[in-house]
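What you see below is based on every heavy atom in this structure, not just the backbone, and it leaves out hydrogens, waters and symmetry mates.
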Amino acid sequence: FLNTNHTLYNAVKKAEQDGHLLTEEARRAALHLRIDFEKGGIHLPSGKLDLVNQLNMDAHKLCREYGENIINDPGYVDIFPASRIPRQIQHLLKPIYRLTSGVSTESLGSYEDEQEKGFQIITEPRTLFSVLQLTPDEQVRKMAYLKGNSVPHANHEVLDELINSRHELAQFVRKFEASLGGKCQQLSGKIMGCKSYAEFVMQLNMASSPEVVVSFLQEMSNMVKEKADEEFNTIRNLKRDVCGQRCVDLEPWDEAYYTTMMKSSAYNLDSAVVASYFSLPQCIKGLKLLVKSLFGASFDSVPMAPGESWHPDVLKMCIHHPEEGDLGFLYLDLFSRKGKYPGCATFAIKGGRKISETEYQLPVMALVFNFSRSHDSSIVRLNHSELETLFHEFGHALHALLSRTDYQHFAGTRVALDFAETPSNLFEYYARDYRVLKKFARHYSTGEVIPEKLVKSLNGARDMFAATELQRQIFYALVDQTLFGEQLSVPRDTNSIVAHLKRQHSNEKHVEGTHMHIRFSHFLTYGAGYYSYLYAKCFAATIWKKLCQEDPLSPTTGTLLRTKLLQYGGAKEPADLLTDLVGDGIVRYHNGGIVPDVTSCLEEMKLLDDKNRHI
């Protein structure tokens with residue numbers, strides 16, 4: 001409703017028209033604020049504006065309902081006997097019992113019931129992945145996969161309604177525009193009257209249009225296909241060798257199990273050994289190391305006022321520079337607990353902004369994780385993937401805490417959607433570099449520094465099926481673009497759309513009755529924007545190669561990251577920031593939009609050959 005307040009809107013327009021905005025950031029802020037108002041339909045007659053408001057509220061309500069359904073209906077399967085579940089994941093599951101009758105008790109001359117132990121698998125994504133990775137029993141994997149990919153049923157209807165609501169929101173003014181000739185177009189420019197929700201949300205993104213995004217995704221899909229096909233055949237052949245049957249096929253519930261088997265065999269990895277070097281306190285020291293080495297600042301806990309924290313586990317951290325003073329505050333909420341937000345995410349509590357020539361409002365952020373407390377140890381230990389997630393989210397936090405924008409509207413991660421994930425993806429590299437890890441990753445009991453050979457094995461295993469994982473991300477992005485793209489006059493069946501795209505852009509079979517799109521929460525926050533993760537992957541690969549790889553912890557590297565990238569938030573065009581940081585070649589201009597150069601990303605994944613090099 002603030003975006004439909006005419007007093008505010010008129011003030012923004014007047015500021016633009018008077019020409020008294022003296023800085024580029026001020027002019028950019030006025031433009032972006034006006035566009036936000038106009039995306040809310042403020043220039044429409046009151047009845048039409050009320051409808052746009054209602055559509056926005058409907059979309060928010062549907063997003064909340066979609067997310068709540070995922071939490072409330074994760075699915076479950078009961079497995080008997082308990083021996084079908086490997087010991088290393090039993091702590092993730094719920095023990096259950098059933099009665100088995102007919103056990104003879106000769107002394108009584110009768111029969112009495114006996115309890116048989118089993119496990120209930122709650123098929124929420126994290127538990128499901130562990131089951132698929134580590135369970136030798138194919139039938140258990142199959143049951144868990146089918147259940148986990150077919151719930152929550154209620155989201156079929158919710159997603160269809162969300163697609164329709166967003167489409168009507170984007171298209172609404174186009175319908176109205178036809179009756180007013182060019183007047184509406186003159187008021188709103190390109191912002192309203194879009195053919196699709198995807199077009200609606202991309203107006204200020206680097207890509208600028210769905211056509212640019214889809215072209216980019218299809219190019220990448222073609223580039224990875226040959227390598228992904230090779231990887232698929234390798235995985236399938238392993239299954240055939242293990243099963244002793246040459247005609248058996250690779251099923252969707254097999255991939256994680258056999259790729260994990262191959263990685264463990266090739267690199268002799270033991271998850272418990274890996275985790276022993278990543279105790280959570282040591283990992284927090286790793287965050288402190290980044291802040292100190294790159295930015296010359298400290299990152300320490302500070303006391304909280306009574307009632308300031310929402311849970312006793314929460315820590316309050318402060319980034320403090322010896323010359324500049326406090327730079328910002330960060331709440332860390334690290335552990336899983338009942339009723340808590342289920343994922344890992346960064347939340348802005350207060351954006352940074354210039355109050356006066358001498359006063360700056362410091363940013364305040366929260367990082368929320370769901371790390372599991374061990375049942376047999378007081379020390380929480382992370383696996384390597386969780387360490388990467390910690391560094392990823394910390395990259396988002398640093399983007400906010402180190403930005404120094406004049407206006408909150410551009411503070412930190414308030415940037416073009418297809419630029420927002422770049423800093424976080426970049427900081428994942430720090431979780432994989434031995435020169436960084438050796439400075440904080442120590443064995444929780446002996447203090448031994450993590451061996452370089454182990455780090456090489458972790459990275460080697462991670463890269464083993466890189467094309468398959470990249471292909472999966474491309475598939476997700478294409479599903480996202482298609483569902484929120486142009487709608488046909490005849491209603492579309494989302495299940496058929498997803499199945500068709502999977503057959504085109506993935507080696508994984510589509511199993512009838514499974515529906516990945518009904519619990520893909522990125523539709524909520526990244527609707528028509530999931531491709532941003534692939535943009536970020538490419539941008540981060542180029543930045544790492546050109547700026548960070550030679551000396552990742554160098555203060556010079558940190559200064560460049562801070563002064564040319566992080567401090568601007570969204571106050572400058574992303575393409576200008578990226579080019580200023582590493583020089584020409586990190587972006588390409590294509591059909592009126594901007595796409596990343598893919599060279600560094602594909603080289604890193606060993607996917608670049610002569611026929612792909614020109615793309």
Side-chain angles (χ1 to χ4, degrees), residues 88-89 129-130 133-134 259-295 298-300 317 332 334-335 344 367 369-374 376-395 397-398 424-466 469 540-541 544-545 548-555 557-558 604-605:
Q88 68 261 47
I89 63 169
F129 186 65
S130 295
Q133 268 192 312
L134 298 169
T259 55
T260 299
M261 180 186 293
M262 290 180 73
K263 289 177 180 183
S264 298
S265 174
Y267 292 99
N268 194 28
L269 287 172
D270 182 321
S271 59
V273 172
V274 172
S276 67
Y277 292 96
F278 297 133
S279 67
L280 190 52
Q282 290 300 124
C283 294
I284 300 300
K285 286 184 180 179
L287 303 183
K288 296 181 179 185
L289 168 72
L290 293 182
V291 172
K292 181 68 175 176
S293 301
L294 290 170
F295 309 116
S298 61
F299 180 60
D300 294 310
M317 310 293 288
L332 288 178
L334 298 168
F335 305 112
C344 301
L367 290 193
F369 299 93
N370 276 278
F371 299 135
S372 299
R373 297 181 190 270
S374 175
D376 56 357
S377 173
S378 60
I379 300 173
V380 175
R381 301 190 286 276
L382 308 186
N383 60 43
H384 191 233
S385 176
E386 289 173 324
L387 177 70
E388 287 183 309
T389 301
L390 177 67
F391 276 50
H392 175 102
E393 297 301 337
F394 193 59
L398 289 174
S424 53
N425 271 260
L426 177 64
F427 276 90
E428 287 184 32
Y429 282 88
Y430 284 88
R432 304 195 286 263
D433 193 289
Y434 178 68
R435 294 165 295 179
V436 178
L437 292 174
K438 71 178 181 180
K439 293 182 179 292
F440 72 87
R442 296 176 179 273
H443 195 279
Y444 74 98
S445 64
T446 67
E448 175 200 8
V449 174
I450 190 169
E452 185 173 8
K453 182 180 178 182
L454 179 57
V455 176
K456 287 181 176 178
S457 294
L458 285 169
N459 290 329
R462 181 183 174 276
D463 295 340
M464 269 186 81
F465 298 99
E469 181 54 36
W544 179 261
K545 180 181 177 181
C548 307
Q549 191 171 46
E550 185 175 331
D551 190 357
L553 292 174
S554 159
T557 299
E604 179 185 300
M605 300 171 72

Testing the basics here: between [X] and [Y], what is the closest heavy-atom pair and its distance to 0.1 Å?
X: N459; Y: R432; answer: ND2-O, 2.8 Å
X: E393; Y: C344; answer: OE2-O, 3.4 Å
X: V436; Y: L289; answer: O-CD2, 3.8 Å
X: S457; Y: L269; answer: CB-CD2, 3.8 Å
X: R442; Y: V449; answer: NH1-CG2, 3.2 Å
X: L398; Y: V291; answer: CD2-CG2, 4.3 Å

In Å and rounded to the nearest 0.5 Å, what is the [atom1] to [atom2] distance from [X] to [Y]?
X: L332; Y: I284; atom1: CG; atom2: CD1; result: 5.5 Å
X: L390; Y: E428; atom1: CG; atom2: CD; result: 11.0 Å
X: L280; Y: Y444; atom1: CG; atom2: OH; result: 15.0 Å
X: H443; Y: R381; atom1: NE2; atom2: CZ; result: 8.0 Å
X: I450; Y: L458; atom1: CD1; atom2: CG; result: 6.0 Å
X: C283; Y: L382; atom1: SG; atom2: CG; result: 4.5 Å

Show your reasoning for whether side chain to side chain contact (heavy atoms under 4.5 Å, CB included) applies to Y429 and E604. CA-CA 12 Å; Y429 282 88; E604 179 185 300; 2.6 Å; yes

Looking at L294, T557, D433, which hits side chain to side chain contact (heavy atoms under 4.5 Å, CB included) with C548? T557

Less than 6.0 angstrom from the centroid, inside 45 degrees of the normal: does R373 satisfy that with respect to the ring of F335? yes

Report yes if the side chains of M464 and T259 come closer than 4.5 Å at any heavy-atom pair, otherwise no. no

Assess the residue pair F391 and F394 against the criterion (ring pair (Phe, Tyr, Trp, His ring centres under 6.0 Å)); give the C-alpha distance rounded to whole Å, side-chain angles, the decisive distance to 0.1 Å, and a yes or no. CA-CA 5 Å; F391 276 50; F394 193 59; 7.4 Å; no

Tell me yes or no: between the side chains of Y277 and Q282, is some donor less than 3.5 Å from an acceptor? no

Please determine whether ring pair (Phe, Tyr, Trp, His ring centres under 6.0 Å) holds for the pair Y430 and W544, giving the CA-CA distance in whole Å, both sets of side-chain angles, and the decisive distance to 0.1 Å. CA-CA 10 Å; Y430 284 88; W544 179 261; 5.2 Å; yes

Please determine if [X] and [Y] form a salt bridge, counting it only when a charged side-chain N lies under 4.0 Å from a carboxylate O.
X: D300; Y: K288; answer: yes
X: E388; Y: R462; answer: yes
X: K438; Y: E452; answer: no

Please lay out, stage by stage, how F371 and E386 fare under the test side chain to side chain contact (heavy atoms under 4.5 Å, CB included). CA-CA 8 Å; F371 299 135; E386 289 173 324; 3.9 Å; yes

Using side chain to side chain contact (heavy atoms under 4.5 Å, CB included), reason through K263 and F465 one step at a time and then give a plain yes or no. CA-CA 9 Å; K263 289 177 180 183; F465 298 99; 3.8 Å; yes

D463 side chain vs A466 backbone, donor-acceptor pair below 3.5 Å: no

Is there a donor-acceptor pair under 3.5 Å between the side chain of S265 and the backbone N or O of M262? no

Between F278 and H384, does the ring centre distance come in under 6.0 Å? yes

Begin with the C-alpha distance, continue with both residues' side-chain angles, and end with the deciding distance and a verdict on side chain to side chain contact (heavy atoms under 4.5 Å, CB included) for K439 and L553. CA-CA 11 Å; K439 293 182 179 292; L553 292 174; 3.7 Å; yes

